[in-house]
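The block underneath contains the structure these notes are about, expressed in structure tokens.
Please read these numbers as outputs of a predicted model, since none were measured by experiment.
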Amino acid sequence: MSEDDNNMEEYPTEIHDYLTAFEKSLGSVDEMLKTMMSVSRSELLQKLDPLEQAKLDLVSVYTLNSMFWVYLATQGINPKDHPVKQELERIRTYMNKVKEITDKKKASKLDKGAASRFVKNALWEPNTENEHTSKTPTKGKKRQ
């Protein structure tokens, strides 16, 4: 019997696909961590503006806490009853605040000059031909 056959007997075959996907995800996380660890934090932060630094910090701390959540679950501890849940919620709150700031920066700004031109051109102005054909006499002119 090969090692794969022994592993297949230890767990139901229905979850084999889930375990394979989980293993692939762990490999992706490992690659990302290696990439992030290859650059010093101070070098990385110098290249980023304050908003990008906040995003990086929030993603890092959220990832770390999420991994701890998974660790607790693998140890048979319910993470929903653990303080890590409150920490994740707190981090999400800050992530939403950063998202609002980013959205405000992306929002279009009002061009006052263009707006006044639109309003001016949209208003009705009587043309000069209508003024001459009106039936009311103009002031200051005598009728003959």
Go through the steps for T93 and E89 under the test side-chain contact (heavy atoms from CB on, under 4.5 Å), then give the verdict. CA-CA 6 Å; T93 302; E89 289 173 1; 5.5 Å; no
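In this structure R92 satisfies the salt bridge (Lys or Arg N to Asp or Glu O under 4.0 Å) test with no other residue, sequence neighbours excluded. Considering only residues two or more places apart in sequence or on other chains, R117 meets the salt bridge (Lys or Arg N to Asp or Glu O under 4.0 Å) condition with none of them. Take M95 and apply the side-chain contact (heavy atoms from CB on, under 4.5 Å) test, not counting sequence neighbours, and it matches L58, V59, Y62, I91. Y94 is linked by a ring pair (Phe, Tyr, Trp, His ring centres under 6.0 Å) to nothing, counting only residues two or more places apart in sequence or in another chain. In this structure, the side-chain hydrogen bond (donor to acceptor under 3.5 Å, both in side chains) partners of D57, at least two apart in sequence or on a different chain, are R41.
Residues I77 and F68 are members of one and the same hydrophobic cluster, defined by side-chain heavy-atom contacts under 4.5 angstrom among Ile, Leu, Val, Met, Phe, Trp and Tyr. Put simply, V39 and L56 are part of the same group of oily side chains (I, L, V, M, F, W, Y) that touch within less than 4.5 Å, one to the next. Cluster membership for V61 and L48, using ILVMFWY side-chain heavy atoms within less than 4.5 angstrom, is not shared.
One distance of note links OG of S25 with CG of D30; it measures 12.5 Å at 0.5 Å rounding. Note that CG of N65 is 11.5 Å distant from CD of Q86, once rounded to the nearest 0.5 Å.
Each salt bridge (Lys or Arg N to Asp or Glu O under 4.0 Å) pair with one or both residues in residues 62-76, not counting sequence neighbours, would appear here, but there are none. Within the structure, side chain to side chain donor-acceptor pair (under 3.5 Å) contacts touching residues 71-84 (residues at least two apart or in different chains) are N78-D81. The list of side chain to side chain donor-acceptor pair (under 3.5 Å) pairs with a residue in residues 43-55, not counting sequence neighbours, reads S40-E43.
No more than 12 heavy atoms of other residues, nucleotides or ligands sit less than 6.0 Å from atom CD of E23.
L26 belongs to a hydrophobic cluster with F22, counting contacts under 4.5 Å between side-chain heavy atoms of Ile, Leu, Val, Met, Phe, Trp and Tyr, direct or through other members.
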Do any side-chain atoms of residues 98-107 form donor-acceptor pairs under 3.5 angstrom with protein atoms, and if so which ones, sequence neighbours left out?
unit_1, atom_1, unit_2, atom_2, d
K99, NZ, D103, OD2, 3.3
T102, OG1, V98, O, 2.9

